[in-house]
Amino acid sequence: MYQVIQECTPCDADFTARHQIIAELNSLVKSRYTQLSPEGGREAPMAELTHEQKIQLLKGLHDNLTTKRIASENSAVMYKSTVPLLRFVHAATGMHCDFTIGNTNAVINSTVLSHLANIDSRFSPSVRLVKHWARAEGINDSSRGTFSSYALTLMVVFHLQRQQPPILPPLHQLFQQQLTNAESASLHAGQQPKNIDLEACQQLAQNTGKNMGAANNSSLAELLLSFLVMGTCIGTWSGEWAYRSWEKKYDCFGIVDPFISTDDCARTIPRGRTGKLARRFKEAAEHLTQAGQQGSYSSKSDDVPMVASLFHVKHSSLFCKVKRRADPYN
């Protein structure tokens with residue numbers, strides 16, 4: 001399992017490829033964006049573009065990427081999503097890319113998650129393990145009615161918050177907001193955190209939060225197993241189970257966005273699919289339970305057949321390629 005984590009962890013070549021892709025995109029976006037500037041010639045911040053303007057900008061970028069063969073043919077603009085998204089594979093590096101415009105919430109979310117990663121070293125590898133398993137099961141694609149990567153990450157955050165002793169703190173503590181009035185707390189209710197809020201969060205994570213999970217000796221395999229048997233309807237802001245009735249038609253899982261309390265990050269999962277998705281979790285938990293009974297993950301040496309079965313890969317390419325389920329609901 002540790003080798004799976006190592007394979008999933010970005011290396012120097014990955015970061016070099018990211019910088020290359022960003023440089024190419026910056027050049028294309030700058031030339032295209034000048035055509036969308038508002039009247040008067042003033043270039044507004046990307047976040048001020050309308051939904052339709054963002055879609056048009058992404059479509060133009062998509063055409064440029066494919067014409068210049070920067071992106072593979074399997075690229076598309078996901079314009080029906082809450083935030084318009086360009087999804088493509090970079091032809092030169094093979095790296096999968098998601099590109100959005102003016103999506104400041106994503107930047108803030110990533111910043112907060114990076115602070116959580118500094119609190120306990122098990123957080124990042126746990127997220128990588130869960131995403132790797134979810135991709136193998138075909139349940140890490142919101143466009144296909146399954147979990148987004150952000151939803152899976154919040155599930156891991158909540159799981160580590162609920163450990164005894166806790167490994168991560170509730171987010172309201174890092175932002176110094178009272179839980180007694182969590183629903184009306186400005187940050188939890190949708191007000192975007194300011195730089196000063198994020199800096200305070202970082203400071204608390206470094207000082208009071210650092211090593212808070214030191215008293216918890218659970219291994220990554222044990223945390224993965226307990227994650228797979230965890231329930232749904234969760235709230236990472238409070239670190240508590242979230243019992244509520246969602247008004248939207250997508251109602252089977254409840255993963256409360258910590259900064260937009262009315263938003264369910266599992267809204268992409270349709271009603272009636274809960275049981276089939278839960279079966280994926282149950283099957284994986286049974287694999288790990290059996291391995292634990294045999295003592296095969298009691299040390300850092302991997303049990304290759306167990307890991308191969310869990311992640312749907314062949315032994316010879318165990319840590320290179322994932323064999324994904326064609327249909328997550330079968």
Minimal non-hydrogen separation, [X] against [Y], with atom names:
| X | Y | value |
| --- | --- | --- |
| Glu222 | Ser219 | OE1-N, 2.9 Å |
| Arg69 | Ala91 | O-CB, 3.5 Å |
| Ser126 | Leu220 | OG-CD2, 3.5 Å |
| Ala17 | Thr93 | CB-CG2, 3.8 Å |
| Phe99 | Leu61 | CE2-CD2, 3.4 Å |

Stepwise side chain to side chain contact (heavy atoms under 4.5 Å, CB included) test for Leu174 and Leu116 | CA-CA 10 Å; Leu174 292 181; Leu116 292 178; 3.7 Å; yes

Would Leu224 and Trp133 satisfy side chain to side chain contact (heavy atoms under 4.5 Å, CB included), going step by step from the backbone distance to the final call?
-> CA-CA 10 Å; Leu224 179 60; Trp133 165 77; 5.6 Å; no

Which pairs, with at least one residue in residues 91-119 and sequence neighbours excluded, count as a salt bridge (charged side-chain N to carboxylate O under 4.0 Å, His left out)?
-> Arg87-Asp98

Would you find more than 12 non-hydrogen atoms of other residues, nucleotides or ligands less than 6.0 Å from Tyr150 atom OH?
-> yes

A side-chain contact here means heavy atoms from C-beta on lying under 4.5 Å apart; do [X] and [Y] qualify?
| X | Y | value |
| --- | --- | --- |
| Ile101 | Leu58 | yes |
| Leu65 | Phe88 | yes |
| Asn109 | Phe259 | yes |
| Ile108 | Leu198 | yes |
| Ser75 | Thr66 | yes |
| Lys54 | Thr50 | no |
| Leu277 | Phe147 | yes |
| Lys131 | Thr153 | yes |

If only side-chain N and O atoms count, and only distance matters, is there a donor-acceptor pair under 3.5 Å linking [Y] with [X]?
| X | Y | value |
| --- | --- | --- |
| Asn140 | Thr146 | no |
| Gln192 | Asn105 | yes |
| Glu52 | Gln56 | yes |

Backbone of [Y] reached by a side-chain donor or acceptor of [X] within 3.5 Å:
| X | Y | value |
| --- | --- | --- |
| Glu24 | Ile21 | no |
| Ser148 | Ala151 | yes |
| Arg144 | Asp141 | no |
| Arg267 | Ile255 | no |

Please round to the nearest 0.5 Å and tell me the distance separating atom [atom1] of [X] and atom [atom2] of [Y].
| X | Y | atom1 | atom2 | answer |
| --- | --- | --- | --- | --- |
| Gln206 | Leu204 | CD | CG | 9.5 Å |
| His188 | Thr262 | NE2 | OG1 | 9.0 Å |
| His115 | Gln203 | NE2 | CD | 10.0 Å |
| Ile55 | His62 | CD1 | NE2 | 14.0 Å |
| Asn207 | Gln202 | CG | CD | 10.0 Å |

Distance-only donor-acceptor hits, side chain of residues 154-172, under 3.5 Å, sequence neighbours excluded:
unit_1	atom_1	unit_2	atom_2	d
His159	ND1	Gln163	NE2	3.4
His159	NE2	Gln163	NE2	3.3
His159	NE2	Leu223	O	3.1
His159	NE2	Ser226	OG	2.7
His159	NE2	Phe227	N	3.2
Gln161	NE2	Pro169	O	3.1
Gln161	NE2	Thr236	O	2.9
Arg162	NH1	Gly239	O	3.2
Arg162	NH1	Glu240	OE1	3.1
Gln163	NE2	His159	O	3.2
His172	ND1	Gln177	O	2.9

Scan residues 12-23 for pairs that pass side chain to side chain donor-acceptor pair (under 3.5 Å), counting only residues two or more places apart or in two chains.
-> none

Please lay out, stage by stage, how Gln53 and Leu57 fare under the test side chain to side chain contact (heavy atoms under 4.5 Å, CB included).
-> CA-CA 6 Å; Gln53 284 178 321; Leu57 180 52; over 6 Å; no

In terms of hydrophobic clustering (I, L, V, M, F, W, Y; side-chain heavy atoms under 4.5 Å; direct or indirect links), are Met212 and Val112 co-clustered?
-> yes

Leu113-Ile234 co-clustered via ILVMFWY side chain contacts under 4.5 Å | yes

Worked check of side chain to side chain donor-acceptor pair (under 3.5 Å) between Ser218 and Asn216 = CA-CA 6 Å; Ser218 298; Asn216 189 309; 2.8 Å; yes

Stepwise side chain to side chain contact (heavy atoms under 4.5 Å, CB included) check, Val130 with Leu228 = CA-CA 9 Å; Val130 168; Leu228 293 168; over 6 Å; no

